[in-house]
Number of protein chains: 2
Amino acid sequence: MGCKKHLGWRGMLKKCGCKMTKPREIILEHLSKNCKHLTVEDIYFALKNKSHDIGLTTVYRTLELMVQNGILNKFDIGDGKSRYELAFETNSKDHHHHLVCCKCGLIINYNDFIDEEIQLLKKVEKELSEKHNFKILNHIIQFQGVCSNCAKKNEETN
Amino acid sequence: MGCKKHLGWRGMLKKCGCKMTKPREIILEHLSKNCKHLTVEDIYFALKNKSHDIGLTTVYRTLELMVQNGILNKFDIGDGKSRYELAFETNSKDHHHHLVCCKCGLIINYNDFIDEEIQLLKKVEKELSEKHNFKILNHIIQFQGVCSNCAKKNEETN
DNA sequence: ATCATTGCAAAGTTTTTGCACCTGC
DNA sequence: GCAGGTGCAAAAACTTTGCAATGAT
C-alpha cells in the first residue's frame with residue numbers, strides 16, 4: 001500500500017499560502033498509509049488511538065483545505081458522511097474507481113478496466129469541456145449494488 | 001420535460017408491499033416534472049408552494065423508500081445535501097450524467113457521449129460483477145470542475 | 001513580530017426517531 | 001379492520017463558526 005509522495009505536500013501548501021503544521025502533516029501521513037475513502041470520524045479516532053490529540057475541528061478544516069487545493073478528493077457514498085482520499089493522478093497506478101454496496105456501505109476499489117475507462121473519460125472530458133465551457137478537474141465513477149455478503153444474507157432471510 | 005411513466009409506480013410499490021398514498025403520488029409527480037437533482041428542501045418547499053402540506057419527515061421517508069425500491073437515485077454533489085432524481089433506465093433517452101461546479105454547485109446534465117459511455121459501462125459492469133461477485137444495480141458518473149461563470153468571476157478577482 | 005492555525009464550546013444543518021393519529025386496501 | 005403511513009416534536013448526527021491561545025516563518 002505504499003502511497004509515497006510524502007514530499008511535495010509542503011510545497012503544494014506553501015504555493016497556496018498555507019503553512020505545513022504538525023496536525024496537517026500527521027493527517028496527510030495517515031491518509032497516505034490508508035489509501036481509501038476515510039470519514040472525518042475514521043481519521044479523528046485513528047489519530048487519537050495513536051496518541052495524536054488533534055481536534056475534530058482541525059480534522060475538518062484540514063481536509064477541506066486539502067480538497068480546495070486538489071490534494072484530496074471528497075465524495076459521499078450515500079450514507080451522509082463525507083469521505084476523503086488522496087487525489088491520485090488520473091494516470092497513476094493508484095488511480096481507481098469504486099464499487100459501493102448500498103446495503104452495508106462496503107467499498108471496493110477497482111482498477112481493472114481503468115485504462116479503457118480513462119481513455120474514454122479523457123475524450124469525453126475534452127469535448128464536454130469545450131461544449132459546456134467547463135474546466136474539468138476531476139471525476140467520480142461509482143457503481144452501486146449489492147455485495148456478495150449482503151446478497152447471501154438476503155437469501156437466508158427469504 | 002415530460003418524463004412519463006406515471007403509471008407503473010403504483011405497481012412497483014405494490015410489489016414491495018407498499019401503499020400508494022397521496023403524498024407519495026404528489027412527490028413522484030413532482031420529481032417526474034422536474035427531471036433533476038432535487039434536495040429534500042427543494043421538494044418540501046415546492047410542494048408547500050403548491051398548497052400541498054406534506055410533512056418534511058414524509059418527504060424524507062418517501063424519498064428513501066423510493067431509493068430502496070430503485071425508483072429514485074440518490075447522490076451528493078459535495079455540499080452535504082442528498083439529491084434525488086428518477087432512476088432513468090440506462091438505455092432511456094433521459095439517462096444522463098452530471099457536470100458539477102465545485103465553486104457554485106451548478107449541475108449540468110449531459111448525455112452527449114452517453115452511448116459510448118454506456119457501452120463501456122456495460123462491459124465493465126459485467127466483468128466487475130463477476131470478478132467481485134457484486135450485483136451492480138446502478139452507476140454514478142460525475143465530472144467536477146469550474147463552470148464558465150465561476151471561471152469568469154475568478155478572472156475578475158485576480 | 002506577524003499572521004495563520006489550533007481547539008474548545010456553541011451554534012447551525014441535515015436527517016432520523018418516537019408516538020399518537022389517520023388512511024388505503 | 002388492520003397493517004402501513006403521516007406529521008409533529010424531539011433527538012441525533014454531521015459540520016461550521018467565534019474566539020482566545022498557540023505556533024510557523
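A, B, ... follow the sequence lines: proteins, then strands. Residue 1 opens every chain. These numbers come from a predicted model, not from an experiment.
OP1 or OP2 of dC25(C) lies within a sub-4.0 Å distance of a side-chain N or O belonging to Arg10(B). The phosphate of dT5(C) has OP1 or OP2 within less than 4.0 Å of a side-chain N or O from Arg24(A). Contact annotation: Ser82(A) side-chain N/O to dT15(D) OP1/OP2 distance is under 4.0 Å. In terms of phosphate contacts, Tyr60(B) brings no side-chain nitrogen or oxygen within less than 4.0 Å of OP1 or OP2 of dT16(C). Thr57(A) has no side-chain polar atom (N or O) that falls below the 4.0 Å cut-off from OP1 or OP2 of dT6(C). For dT14(C), the OP1/OP2 oxygens have no side-chain nitrogen or oxygen of Thr39(B) closer than 4.0 Å. The shortest distance between the side-chain N/O atoms of Thr58(B) and the OP1/OP2 oxygens of dG7(D) is below 4.0 Å. Phosphate contact (OP1/OP2 of dT14(C), side-chain N/O of Lys81(B), threshold under 4.0 Å): present.
Across the protein-nucleic acid pair, Leu56(A) atom CG and dA13(D) atom P stand 14 Å apart, rounded to whole Å. Look at CG on Leu65(B): it is 15 Å from C1' on dT16(C), rounded to the nearest Å. Here the C1' atom of nucleotide dC8(D) and the CZ atom of Arg61(B) are 10 Å apart, to the nearest Å. Protein atom CD of Glu64(A) is 10 Å distant from nucleotide atom P of dT15(D), rounded to whole Å. As rounded to whole Å, 13 Å separates atom P of dT6(C) from atom CG of Leu47(A). Put simply, CD on Glu25(B) is 14 Å from C1' on dT23(C), counting in whole angstrom units. Between the P atom of dT13(C) and the OH atom of Tyr44(B) lies a distance of 16 Å, rounded to the nearest Å.
Salt bridge status for Lys74(B) with Glu85(B): absent, with no side-chain N to carboxylate O gap under 4.0 Å.
When the options His97(A), His139(A), His96(A) are evaluated for a ring pair (Phe, Tyr, Trp, His ring centres under 6.0 Å) with Phe88(A), the one that passes is His96(A). For the pairing with Gln144(B), the side-chain contact (heavy atoms from CB on, under 4.5 Å) check across Ile136(A), Ile140(A), Leu137(A) returns one residue only, Ile140(A).
Mapping Gly17(B) and Asp53(B) onto DNA chain D by nearest heavy atom places Gly17(B) closer to the 5' end of the strand. Mapping Thr21(B) and Gly80(B) onto DNA chain C by nearest heavy atom places Gly80(B) at the nucleotide closer to the 5' end.
The listed nucleotides are dG24(C), dT6(C), dC19(C); the one nearest the side chain of Pro23(A) is dT6(C).
Counted by atom type alone, Asn111(A) and His95(A) present zero donor-acceptor pairs between their side chains at under 3.5 Å.
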